[in-house]
Participant: 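Below: one structure in structure tokens.
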Amino acid sequence: MYARFLVLFALMGTGYILSKKKVFDSNTTHAINKFIVYFAYPCLVVQKISALEMDRNTFFDFIITLLLSTVLLYIGYGISYIYCKVRNFPRSSANVAEFSMASPNDGFMGFPVALLFFGDMGLLFMLAHNSALNLYFFTLGIRMMKRNKEDKQGLTPGRVFKAAADLVMNPNILALIAGLTLCGLGIKLPVFLDDYFLYIGNVATPMAMIYIGTSLTKSNFMEIIKNKKIIESSLMKLIWIPLMTYGIMVFIPVSNIIKITCILGACFPTAATVPMLAEQEQQDSRLGSEILFLSTIFSALTIPLAVRLINMIFV
């Protein structure tokens, strides 16, 4: 498991060095951001979900996990929003802090941890949690990132229709719908198309971490570890949000694998998509990268503890 942490930091270090050496400029990193979010991620989603093989009961549990995880992510955001209000986070950056607290890296870190400790079923249901995260990113997440620059006009039918159309036509939402449809109907992609999506999708995570490294060139490590807002955001992400999730899931009458998935999924550090979406919406992407960086360091201690506690309670 710890090898994954080394890979993460090595990839971020690569981006940091390339940016410092001027191999990547702002135009390059912006283009990489667009490529990852709106092309590589959708390819990954379609390939991963469409390749799943499930019987009717497992597919039903998969959908329950997806829906429960989505609700929990929204609740986590609500808690993060209240926390930032109570702690007087600056309005200009509170949206990024809230997003960072509520968005776990359940893909690059979640998949191998789920597979290692809970087997193939653990990986299968972590894919459901990751699908929920994508739904959350491109619904509420996009809305959060636009919050500081929205005008004050009221809702009109035209504005509601445009917002709904933008949501439905988002490549990541389309990819999720397509993947679930193909999986539910038992339709397999042609080999050449499956390979194409696989190759493109496989670059998403490493390129995302390289992008994070480029955004850290403006940061100072000592300033990060002295910044109370960054520390608080990291602790909210790794401790309080998972505890809240556990407190809810123990009372919901679902199978243990669903409970394990929802709780474990909340335990991972901030997802790389947070600073990337912040950059696209001209928000404080540097803060998102710094919270991601520090929460990833802290998670080297919190994730093994979380896995041990989950095994003690549910296995």
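Basis for what follows: all heavy atoms, side chains included, without hydrogens, waters or symmetry-related copies.
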Participant: Could you go through M207 and I210, starting from their C-alpha distance and side-chain angles, then the distance that decides it, and tell me whether this counts as side chain to side chain contact (heavy atoms under 4.5 Å, CB included)?
Facilitator: CA-CA 5 Å; M207 289 303 295; I210 288 172; 4.3 Å; yes

Participant: Kindly say whether L216 contributes a backbone atom to a donor-acceptor pair with the side chain of R286 at under 3.5 angstrom?
Facilitator: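 No, the answer is negative, given that no donor and acceptor are paired below the 3.5 Å cut-off.
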
Participant: Kindly compute the distance separating CG (D106) from SG (C267), expressed to the nearest 0.5 Å.
Facilitator: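 D106 CG to C267 SG: 11.5 Å, rounded to 0.5 Å.
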
Participant: Should the pair E98-R147 be classified as a salt bridge under the 4.0 Å nitrogen-to-oxygen rule?
Facilitator: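 Answer for the salt bridge query: yes.
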
Participant: Measure centre to centre between the rings of Y77 and Y136, then say whether the value is under 6.0 Å.
Facilitator: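 Judged by ring-centre distance (under 6.0 Å), Y77 and Y136 do not meet the cut-off.
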
Participant: Quick check on the hydrophobic clustering: are Y199 and F192 connected, directly or via other members, by side-chain heavy-atom contacts under 4.5 Å?
Facilitator: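 Shared cluster, no.
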
Participant: Would you call M109 and S299 a side-chain contact if the rule is heavy atoms closer than 4.5 Å?
Facilitator: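 M109 reaches S299 side chain to side chain.
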
Participant: Under 3.5 Å, is there a donor-acceptor pair between the side chain of K229 and the main chain of R87?
Facilitator: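 Yes.
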
Participant: Do F9 and T296 come within less than 4.5 Å of each other through their side chains, counting heavy atoms only?
Facilitator: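 They are in side-chain contact.
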
Participant: To check you understand the geometry: which heavy-atom pair defines the closest contact between N148 and R91, and what is its length?
Facilitator: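 Looks like ND2-O, 3.3 Å.
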
Participant: Less than 4.5 Å apart, any side-chain heavy atom of T214 and any of K20?
Facilitator: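 The answer is no; the side chains never approach within 4.5 Å.
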
Participant: According to a hydrophobic-cluster definition based on side-chain heavy atoms being under 4.5 Å apart (Ile, Leu, Val, Met, Phe, Trp, Tyr only), do L68 and V250 belong together?
Facilitator: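 Linked within one cluster.
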
Participant: Output, in order, the C-alpha distance, side-chain angles, deciding distance and verdict of side-chain hydrogen bond (donor to acceptor under 3.5 Å, both in side chains) for Q47 and Y196.
Facilitator: CA-CA 9 Å; Q47 196 279 326; Y196 174 77; over 6 Å; no

Participant: Which pair of non-hydrogen atoms, one from S219 and one from I224, has the smallest distance, and what is that distance?
Facilitator: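 The answer is CB-CD1, 4.0 Å.
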
Participant: Look at atom OH of Y81 and say whether more than 12 heavy atoms of other residues, nucleotides or ligands are closer to it than 6.0 Å.
Facilitator: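 12 or below, so no.
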
Participant: Establish whether L198 and L115 are linked, either directly or via other cluster members, by ILVMFWY side-chain heavy-atom contacts under 4.5 Å.
Facilitator: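 No.
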
Participant: Looking at N311 and V307, would you say the former's side chain and the latter's main chain have a donor-acceptor pair under 3.5 Å?
Facilitator: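 Between the backbone of V307 and the side chain of N311 there is a qualifying donor-acceptor contact (under 3.5 Å).
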
Participant: Nearest 0.5 Å please: distance from the CG atom of N256 over to the CE atom of M121.
Facilitator: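 Rounded to the nearest 0.5 Å, the CG-CE separation comes out at 12.0 Å.
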
Participant: Determine whether K146 and N95 make a side-chain contact, defined as any pair of heavy atoms from C-beta on separated by less than 4.5 Å.
Facilitator: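 In short, these two side chains do not touch, never coming nearer than 4.5 Å.
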
Participant: Got a sec: does the NZ of K188 have more than 12 other heavy atoms crowding it under 6.0 Å?
Facilitator: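 Yes, NZ of K188 has more than 12 neighbouring heavy atoms, counting only those of other groups under 6.0 Å.
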
Participant: Let me see the working for S233 and Y83 under side-chain hydrogen bond (donor to acceptor under 3.5 Å, both in side chains), right down to the final yes or no.
Facilitator: CA-CA 9 Å; S233 298; Y83 183 83; over 6 Å; no

Participant: How long is the straight-line distance from CG of L182 back to CG of D194, given to the nearest 0.5 Å?
Facilitator: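 So the gap between those two atoms works out to 10.5 Å.
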
Participant: Determine the interplanar angle of the F138 and Y38 rings, folded into 0 to 90°, and report it as parallel if under 30°, tilted if 30 to 60°, perpendicular if over 60°.
Facilitator: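 Judged by the thresholds at 30° and 60°, the geometry between F138 and Y38 is tilted.
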
Participant: Let me confirm one number: the CD1-CG distance from I303 to L238, rounded to the nearest 0.5 Å.
Facilitator: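 Spacing of CD1 (I303) from CG (L238) equals 7.5 Å.
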
Participant: Can you check whether I177's main-chain N or O pairs, donor with acceptor, with T181's side chain at less than 3.5 Å?
Facilitator: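 Yes, the answer is positive, given that a donor and an acceptor are paired below the 3.5 Å cut-off.
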
Participant: When the ring planes of F59 and F62 are compared, do they come out parallel, tilted or perpendicular, using 30° and 60° as the limits?
Facilitator: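 Correct class here is parallel.
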
Participant: May I have the step-by-step check of side chain to side chain contact (heavy atoms under 4.5 Å, CB included) for M244 and I241, ending in yes or no?
Facilitator: CA-CA 5 Å; M244 174 276 298; I241 297 295; 4.2 Å; yes

Participant: Would you compute the distance between atom CG of N227 and atom CG of N220 and round it to the nearest 0.5 angstrom?
Facilitator: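 Spacing of CG (N227) from CG (N220) equals 11.0 Å.
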
Participant: Any non-hydrogen side-chain atom of V113 less than 4.5 Å from a side-chain atom of L116?
Facilitator: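 When only atoms from C-beta onward are counted, L116 and V113 do not touch, as no gap falls below 4.5 Å.
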
Participant: Any side-chain heavy atom of F117 sitting closer than 4.5 Å to one from I310?
Facilitator: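 No; the side chains remain at least 4.5 Å from each other.
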
Participant: Using the ring of each side chain (for Trp, its six-membered ring), is F293 parallel, tilted or perpendicular to F221, with breaks at 30° and 60°?
Facilitator: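 Ring orientation, 0 to 90° scale: perpendicular.
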
Participant: I'd like to know if the side chain of E281 and the backbone of E279 have a donor-acceptor N/O pair within less than 3.5 Å.
Facilitator: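 Checked: no pair found.
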
Participant: Would the distance check show the side chain of K237 and the main-chain N or O of F268 forming a donor-acceptor pair, the cut-off being under 3.5 Å?
Facilitator: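 Side chain of K237 to backbone of F268, a donor-acceptor pair under 3.5 Å: yes, one is there.
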
Participant: Under 3.5 Å, side chain of T270 to main-chain N/O of S100, donor-acceptor pair present?
Facilitator: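 Yes.
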
Participant: Between S215 and I212 (side chain of the first, backbone of the second, donor and acceptor by atom type, cut-off under 3.5 Å), is there such a pair?
Facilitator: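 A pair under 3.5 Å: yes.
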
Participant: Over all heavy atoms of both residues, which pair between K259 and M249 is shortest? Give the atoms and the distance, please.
Facilitator: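 Residues K259 and M249, closest heavy atoms: CE-O, 3.3 Å.
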
Participant: Please report the shortest heavy-atom distance between C84 and A94, naming the atom on each side.
Facilitator: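 In this case the closest contact between C84 and A94 is SG-O, 4.2 Å.
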
Participant: Using the rule that Ile, Leu, Val, Met, Phe, Trp and Tyr join whenever any side-chain heavy atoms are under 4.5 Å apart, tell me whether M236 and L305 fall into a single cluster.
Facilitator: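 Each belongs to a different hydrophobic cluster.
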
Participant: Is it the case that the side chains of N134 and S131 hold a donor-acceptor pair, with the cut-off being a distance below 3.5 Å and no angle test?
Facilitator: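 Side-chain D/A pair, S131 to N134: absent.
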
Participant: As a quick check of understanding, evaluate side-chain hydrogen bond (donor to acceptor under 3.5 Å, both in side chains) for T58 and D61, giving each step before the final call.
Facilitator: CA-CA 5 Å; T58 304; D61 284 347; 6.0 Å; no

Participant: Can you check whether L66's main-chain N or O pairs, donor with acceptor, with S69's side chain at less than 3.5 Å?
Facilitator: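 Here the side-chain-to-backbone pair does not exist.
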
Participant: So which heavy atom on V96 is nearest to which on V274, and how close?
Facilitator: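 For V96 and V274, the tightest heavy-atom pair comes out as O-CG1, 4.3 Å.
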
Participant: How about N27 and H30: do any of their side-chain heavy atoms sit closer than 4.5 Å?
Facilitator: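 They are not in contact (no side-chain heavy atoms under 4.5 Å apart), so the answer is no.
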
Participant: Which of these passes side-chain contact (heavy atoms from CB on, under 4.5 Å) with P42: I200, N172, V37?
Facilitator: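 Considering I200, N172, V37, a side-chain contact (heavy atoms from CB on, under 4.5 Å) with P42 is found only for N172.
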
Participant: In this structure, would I239 and L309 fall into the same cluster of hydrophobic residues linked by side-chain contacts under 4.5 Å?
Facilitator: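 Different hydrophobic clusters.
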
Participant: Hey, does C183 have a side-chain heavy atom less than 4.5 Å from the side chain of S50?
Facilitator: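 Result no, sub-4.5 Å side-chain heavy-atom pair not found.
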
Participant: In Å and rounded to the nearest 0.5 Å, what is the CZ to OG distance from F298 to S234?
Facilitator: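 F298 atom CZ to S234 atom OG measures 6.0 Å (nearest 0.5 Å).
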
Participant: Backbone N or O of S285 within a donor-acceptor pair of the S289 side chain at under 3.5 Å?
Facilitator: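 Yes, S289 side chain to S285 backbone: donor-acceptor pair under 3.5 Å.
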
Participant: Looking at every heavy atom in both T245 and C262, which two are closest together, and how far apart are they?
Facilitator: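 What the structure gives for the nearest pair is CG2-O, 3.5 Å.
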
Participant: Give the C-alpha distance, both sets of side-chain angles, the deciding distance and a yes or no for side chain to side chain contact (heavy atoms under 4.5 Å, CB included) between F89 and E232.
Facilitator: CA-CA 11 Å; F89 276 56; E232 289 180 33; 4.0 Å; yes

Participant: Going through the distances and angles, do I36 and Y41 end up as a side chain to side chain contact (heavy atoms under 4.5 Å, CB included)?
Facilitator: CA-CA 6 Å; I36 296 167; Y41 275 160; 3.8 Å; yes

